[in-house]
Amino acid sequence: MASILLTIGEPILSDVISRLFDKATTSDFIHFLRKENLEVEIKNWHKNLTNINAVLADAEKKKTTSEASNSVEEWLTDLRALVYDVEDVFDELNYEALRRKSTSESQVARCSSKMRALIPSCCSTFSLSNVKFGAKLKDITTRFDQIVKNENDLGLTKNSYVKLEKRKPTTSFVDESPLLQEKLKEKLSLKKFLIVIDDVCNGNFDDWETLCLPFKTGVAGCKILVTTRNKFVMTTMNVTPHHLDQLSIEDCVLILQYYALGGKTFD
C-alpha cells in the first residue's frame with residue numbers, strides 16, 4: 001500500500017495546492033484577512049506555494065533518478081504535511097469569515113439568555129490572539145522557510161510554464177495513474193469495503209465512471225460515501241443525496257462541552 005500512496009502523491013499534492021487558493025481568493029476571506037492583519041503573511045504563503053508548485057515536476061523526476069533521491073523524497077513528505085496543515089488553517093479562517101458574515105446582531109439577540117450563559121466569554125468569539133492558533137501560524141511560516149531552503153539545497157528547478165491560478169482542474173487519480181487502478185483492483189477484489197471520497201468537485205461523468213472501476217471488484221455490501229458541496233456532482237453520480245443541515249446552537253454547545261470540558265457543563 002505504501003508504494004500506491006507514493007505513486008499518486010505528487011499529482012494529488014499539486015491539486016491540493018491549487019485547491020488552497022480557490023479557498024483563499026474569495027472576497028469574504030480576503031476581507032477577513034485584512035481585518036485581522038493576516039493579509040501579508042498569507043500572501044507570503046501564497047508566494048512560497050506558487051514557487052514550490054513550479055518545482056514539483058522536477059522533484060518527482062529526481063525522486064527516482066537522482067543520487068539525492070532519498071533527500072528529495074523526504075522533502076516531498078515534509079511538503080505534503082505542510083500543505084495539509086495550511087489547508088487546515090485556511091479552513092479555520094474561512095469558517096470564521098463565513099460565521100462572522102452570517103451572524104447578525106438580530107440572530108444573537110434571538111439566542112436565549114440561558115444558552116448564551118452556557119458559553120463563556122472566552123469561547124464565544126474567535127480570536128487570532130489565541131496562543132495555540134498564533135503558534136500554529138508561526139510554526140507554518142518557519143516550516144515554509146525550511147522547505148524553501150531545502151528546495152534550494154536540492155537544486156530543484158522550476159517549470160516556468162506552471163501557472164497555479166490558471167491550472168485547469170484535473171482528476172490526477174484517474175488520468176495519471178492507470179497502474180494504481182490495477183493495484184486497487186487487486187487489493188479490493190472479493191473484499192467488502194467502505195470507500196470515503198471527500199469534497200468531490202469534478203462533475204464529469206466519464207471521470208467518475210473511470211474512478212469507480214476498481215471498486216466494482218468487491219463483494220455485495222460494499223459502500224462508497226462521497227461528500228460534496230456541488231449539486232451537479234450529485235446529479236452526475238445518480239445517487240440519493242443526504243443533505244446535512246447546519247448544527248443548532250444547542251448541538252454546538254454540546255460539542256464544545258465534550259471536547260473542551262470532557263462532557264461537563266459550563267455551569
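Within a 6.0 Å sphere centred on CG of L194, heavy atoms belonging to other residues, nucleotides or ligands number more than 12. Remark: Y95 OH is loosely packed, at most 12 non-hydrogen atoms of other residues, nucleotides or ligands lying under 6.0 Å away.
Between R143 and D85, at least one side-chain nitrogen of the basic residue sits less than 4.0 Å from a carboxylate oxygen of the acidic one, meeting the salt-bridge criterion. Between D153 and K149 there is a salt bridge, since at least one side-chain N of the basic residue sits less than 4.0 Å from a carboxylate O of the acidic one. Between K138 and E41 there is no salt bridge, since none of the side-chain N atoms of the basic residue sits less than 4.0 Å from a carboxylate O of the acidic one.
Nearest heavy atom pair, residue E151 against residue W75, reads N-NE1, 3.6 Å. Across all non-hydrogen atoms, the minimal contact from C222 to K191 is SG-O, 3.2 Å.
Residues meeting the side-chain hydrogen bond (donor to acceptor under 3.5 Å, both in side chains) test with D245, sequence neighbours left out: none. Take N150 and apply the side-chain hydrogen bond (donor to acceptor under 3.5 Å, both in side chains) test, not counting sequence neighbours, and it matches Q146. For E87, the side-chain hydrogen bond (donor to acceptor under 3.5 Å, both in side chains) partners two or more places apart in sequence, or in a different chain, are R19, K23.
Under the 3.5 Å distance criterion, the side-chain polar atoms of S69 are left unmatched by any main-chain donor or acceptor of T65. The closest donor-acceptor contact from the side chain of K62 to the backbone of G155 lies under 3.5 Å. One N or O on the side chain of N51 and one on the backbone of K47 form a donor-acceptor pair closer than 3.5 Å.
Under 3.5 Å, the side chains of T227 and D199 contain no donor-acceptor pair of N or O atoms.
By the 30° and 60° cut-offs, the orientation of the rings of F90 relative to W45 is parallel.
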